[in-house]
Colleague: 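Before we start, here is the structure in question, set down as structure tokens.
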Amino acid sequence: MSPSSSKIPYGGDYNPEQWPQEVRDADHRLFTKAGIDTLTVGVFTWSLTQPAEDTYDFTDLDRILDQAAAEGRQVCLATGTAAMPPWIARKYPEVNRTDFEGRRHRYGQRHNFCPSSPAYRGLATGIAARLAERYADHPALLAWHINNEYGGVCYCALCAEAFREWLRDKYDSLAALNDAWWATFWSHRFTDWAEIEPPNALTEHWRGPDHTAFQGITLDYFRFTTDALLGCFLAEKEVIRAHDPVTPVTTNFMGMFRPLDYHRWAPHLDFASWDSYPPLDAPPTWPALAHDLMRGLKDGAPFWLMEQTPSTTACRDVNPLRRPGELRLATFQAIAHGADAALYFQMRASRGACEKYHGAVIGHAGRDDTRVFREVAEIGRELEVLADASLGARTPARTALLFDWDSWWALEISDGPSRPVKYQEVVHAYYRAAREAGADVDVVPHTADLTPYDVVLAPALHMVKGDLAARLEAVAARGGTVLTTFLSGRVDEHDRAFLADVPGPLAPLMGIRIDEWDARPPEFTQPVAELASQGRLVFEIVRLRGAETVATYGSDFYAGTPAVTRNRYGQGEGWYIATALDQPGVNQVLRRVLARHDLIGPYADQEGLETAARTAPDGSRLLFLLNHTAEPARLTAHATATDLLTGKQTEAGAPLTLDPRGVAVLRLQ
Ligand code: GAL
């Protein structure tokens with residue numbers, strides 16, 4: 001269930017409670033100029049709506065929603081429970097988190113509540129219920145936005161107790177828990193649930209959150225934390241539903257955010273939404289991967305881009321501006337990957353505190369003749385032109401990439417073989433190669449139905465759970481291709497090594513066996529001559545058990561042994577990449593895999609040009625072209641199509657030029 005709309009909702013976080021009425025009136029005039037029709041409000045209003053435990057005051061929020069309705073704008077209404085008023089922390093000190101070092105925090109900041117605190121839970125559901133009761137039928141209400149960017153970990157006594165309860169539910173007996181955690185190691189056999197401690201700097205960890213003596217305990221704490229925060233979300237959702245059975249509910253995620261396994265949350269959201277603040281030096285495929293991951297949360301249903309900056313962030317040491325055209329490109333990239341809303345943080349810049357220099361549609365001077373405002377307004381105009389053309393559209397991908405939080409966690413908290421191996425970097429390299437070759441990619445959980453796909457990429461699939469290996473074999477058996485890499489197929493769901501040849505349950509499909517692996521410092525490279533490429537970080541020594549060699553290591557005592565293999569399996573193939581190949585090496589491998597299934601896109605050789613397909617509910621096929629370079633992209637149209645943004649038709653075979661950082665939304669004929 002996603003919010004219904006006749007065009008892409010456009011707008012963003014708006015905090016009018018910081019401003020007098022005349023500023024709000026001026027803001028609305030500018031919103032109209034910029035085509036802004038959607039406002040996220042209430043994210044930071046808790047200290048106004050509930051100034052004391054028994055005092056509620058909705059006067060201002062009423063005014064804010066009424067004004068939005070009167071101006072014809074819709075509201076995504078936040079419950080605001082991520083930013084607690086000071087009185088809560090003073091009256092109920094246990095709502096404050098205890099950190100990794102065991103320090104109980106005092107009042108300050110936001111996103112800081114203990115997820116196991118009954119006081120917090122009671123107060124958060126209390127305010128959410130009041131809001132739902134009051135605004136369920138408000139004409140401006142479009143969606144509910146619970147809390148804000150859930151995250152963080154607490155190690156207090158309440159969490160310790162909740163963790164033990166969670167473990168009892170999961171394992172039932174201490175014997176099962178001791179077995180799962182391999183607790184006989186270092187004499188850890190637990191004889192009472194009360195002996196179990198949250199894993200932190202005072203207990204199992206040293207050198208920080210990724211260095212643990214017991215991976216099984218730490219993994220379970222990550223899972224517990226995911227479920228504890230999810231419990232907070234569900235409690236608020238439940239009270240909203242008691243008053244409002246219909247309005248869609250979401251919470252804003254953070255894309256590739258390691259601390260929370262969003263796949264565990266996904267079934268409980270009515271629609272997914274997320275905040276995109278890509279790392280500064282990230283290639284365009286980085287936010288694209290996050291978009292596709294968010295689209296994959298709800299089986300490919302569109303998501304909302306809940307936040308992005310119109311110009312600059314403030315929280316980094318250095319906060320560069322988005323160049324002219326970059327905002328438009330990022331916005332259409334999100335839509336190309338499945339966004340059905342385009343929202344900003346923020347509509348008006350705060351006057352004080354840590355986000356006063358954060359980019360905003362309207363700056364401190366309240367002007368509409370700034371470059372940023374003009375670009376925002378131009379996008380607003382284009383979204384009106386696009387109308388409903390892309391709403392509800394699906395991505396017709398035939399390539400899937402498995403993304404697995406458990407594998408991410410297990411890989412990065414492992415002692416050995418290599419700390420510098422980063423899950424996101426491995427996954428991104430394969431995603432990037434597929435996308436730059438023009439393939440649409442669904443980024444899916446390990447439980448996803450794999451039958452729609454010709455190619456399944458499973459990079460760094462460290463943990464193999466359930467019947468996944470059999471389902472991957474089925475993909476290859478019917479003619480598909482499965483690709484996996486070094487450090488895959490190593491551990492079961494409890495992070496216990498498989499008592500089998502590496503890559504464990506993936507070995508039959510890959511037709512190989514690995515007995516040894518070498519890890520070297522990041523600056524060391526090993527030639528892989530057949531791909532004119534270099535391997536890094538980890539070099540698994542592969543013995544063929546039916547597979548054939550595609551490429552080999554060029555040096556050391558394992559020179560001439562396979563670095564890349566291909567195994568025929570049924571009608572299809574299993575590919576294994578035993579080292580961290582550089583991007584050109586990954587690209588070559590992927591292009592061979594994709595070519596076998598005719599999945600190389602029509603503009604794959606056009607550098608910096610991204611393509612993304614969506615199929616609208618009426619069956620019309622859209623192709624987004626995004627020129628990520630500062631030069632014009634000169635193409636030859638591969639099909640006859642109409643650009644929905646300009647109305648121009650291009651015949652197949654005719655020249656098609658995109659401006660520097662230009663965008664086209666083609667409806668194919
Ligand atoms: C987000 C957050 C917003 C705002 C924004 C600034 O993470 O949800 O409230 O702080 O960052 O970039």
Side-chain angles (χ1 to χ4, degrees), residues 9 11-19 38-49 64 75-85 108-113 124 143-153 229 232-233 236 249-260 262 265 269 271-280 282 286-287 290-291 293-294 303-322 326-327 330-331 334 339 341-364 372 376:
D13 272 44
Y14 182 47
N15 304 305
E17 64 278 5
Q18 296 174 13
W19 301 99
T38 304
L39 302 171
T40 301
V41 305
V43 183
F44 304 111
T45 50
W46 198 358
S47 65
L48 297 176
T49 52
I64 290 167
V75 162
C76 176
L77 183 56
T79 59
T81 51
M84 290 186 290
Q109 305 208 22
R110 60 171 182 173
H111 301 171
N112 52 3
F113 53 90
W144 288 102
H145 174 302
I146 292 182
N147 204 274
N148 192 60
E149 296 191 336
Y150 279 104
V153 191
L229 287 168
C232 296
F233 170 85
E236 288 194 38
V249 173
T250 192
T251 182
N252 48 340
F253 284 162
M254 287 175 277
M256 288 185 283
F257 178 62
R258 198 184 82 163
L260 296 187
Y262 289 148
W265 285 60
L269 307 175
F271 66 103
S273 65
W274 84 286
D275 303 343
S276 180
Y277 297 97
L280 297 179
W286 193 273
H291 288 313
L293 175 66
M294 296 294 100
F303 58 90
W304 272 23
L305 177 63
M306 189 64 94
E307 292 182 23
Q308 68 165 333
T309 178
S311 55
T312 169
T313 52
C315 58
R316 294 170 173 156
D317 287 355
V318 175
N319 298 278
L321 260 182
R322 290 190 134 161
E326 283 185 359
L327 176 64
T331 305
L343 306 175
Y344 298 114
F345 183 90
Q346 50 191 339
M347 300 312 301
R348 168 176 273 276
S350 163
R351 182 167 191 192
C354 61
E355 288 181 349
K356 66 179 178 298
Y357 294 132
H358 194 288
V361 172
I362 305 171
H364 296 132
V372 170
V376 166

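The shown structure was predicted, so the numbers you read here are calculated from the model rather than taken from an experiment. Just follow the structure's listing: the first ligand is 1, and inside any ligand the first atom is 1.
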Colleague: Tell me yes or no: between the side chains of Glu17 and Thr45, is some donor less than 3.5 Å from an acceptor?
Modeller: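 The criterion, which ignores hydrogens and geometry beyond distance, is not satisfied for Thr45 and Glu17.
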Colleague: So for Gln308, does at least one of its heavy atoms come nearer than 4.0 angstrom to any atom of ligand 1?
Modeller: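 Outside the 4.0 Å threshold, so no.
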Colleague: Which label fits His291 and Phe303: parallel for a plane angle under 30°, tilted from 30 to 60°, or perpendicular past 60°?
Modeller: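 Correct class here is parallel.
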Colleague: What protein heavy atom is closest to atom 4 (C) of ligand 1, reported as residue, atom name and distance in Å?
Modeller: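 I find the closest protein heavy atom is Glu355 OE2, 3.4 Å.
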Colleague: When you look at OH of Tyr277, are more than 12 heavy atoms from neighbouring residues, nucleotides or ligands closer to it than 6.0 Å?
Modeller: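 Enclosed.
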Colleague: Would you say Phe233 and Leu269 make side-chain contact, with heavy atoms under 4.5 Å?
Modeller: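 Yes - at least one pair of side-chain heavy atoms lies under 4.5 Å apart.
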Colleague: What is the nearest protein non-hydrogen atom to atom 7 (O) of ligand 1, stated with its residue, atom name and distance?
Modeller: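 That would be Glu149 OE1, 2.4 Å.
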Colleague: Within the 4.0 Å heavy-atom shell around Asn148, which atoms of ligand 1 are there?
Modeller: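 This gives 2 (C), 8 (O), 9 (O) as the contact atoms.
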Colleague: Any N or O on Glu307 sitting closer than 3.5 Å to an N or O of ligand 1?
Modeller: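 Among all N and O atoms of Glu307, at least one is under 3.5 Å from an N or O of ligand 1.
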Colleague: If you have a sec, work out which protein heavy atom is nearest atom 9 (O) of ligand 1 and how many Å separate them, to one decimal?
Modeller: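 Looking only at protein heavy atoms, the one closest to atom 9 (O) of ligand 1 is Arg110 NH1, 2.9 Å.
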Colleague: Side chains of Ser273 and Asn252: any donor to acceptor distance under 3.5 Å?
Modeller: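 No, Ser273 and Asn252 have no side-chain donor paired with an acceptor closer than 3.5 Å.
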Colleague: In terms of residue, atom name and distance, what is the protein heavy atom nearest to atom 12 (O) of ligand 1?
Modeller: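 For atom 12 (O) of ligand 1, the nearest protein heavy atom comes out as His358 NE2, 2.7 Å.
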Colleague: Using side chain to side chain contact (heavy atoms under 4.5 Å, CB included), reason through His358 and Gln346 one step at a time and then give a plain yes or no.
Modeller: CA-CA 8 Å; His358 194 288; Gln346 50 191 339; 3.7 Å; yes
Colleague: Measure up the Phe257 and Tyr262 rings against each other and bin them: parallel (under 30°), tilted (30 to 60°), perpendicular (over 60°).
Modeller: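 Plane angle under 30°, so parallel.
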Colleague: At a 4.0 Å cut-off, with the gap strictly under it, does some heavy atom of Asp275 reach an atom of ligand 1?
Modeller: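 For ligand 1, residue contact (heavy atoms, under 4.0 Å) with Asp275 is present.
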Colleague: Quick check on contacts: which atoms of ligand 1 are under 4.0 angstrom from a heavy atom of Phe44?
Modeller: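 Result: 9 (O).
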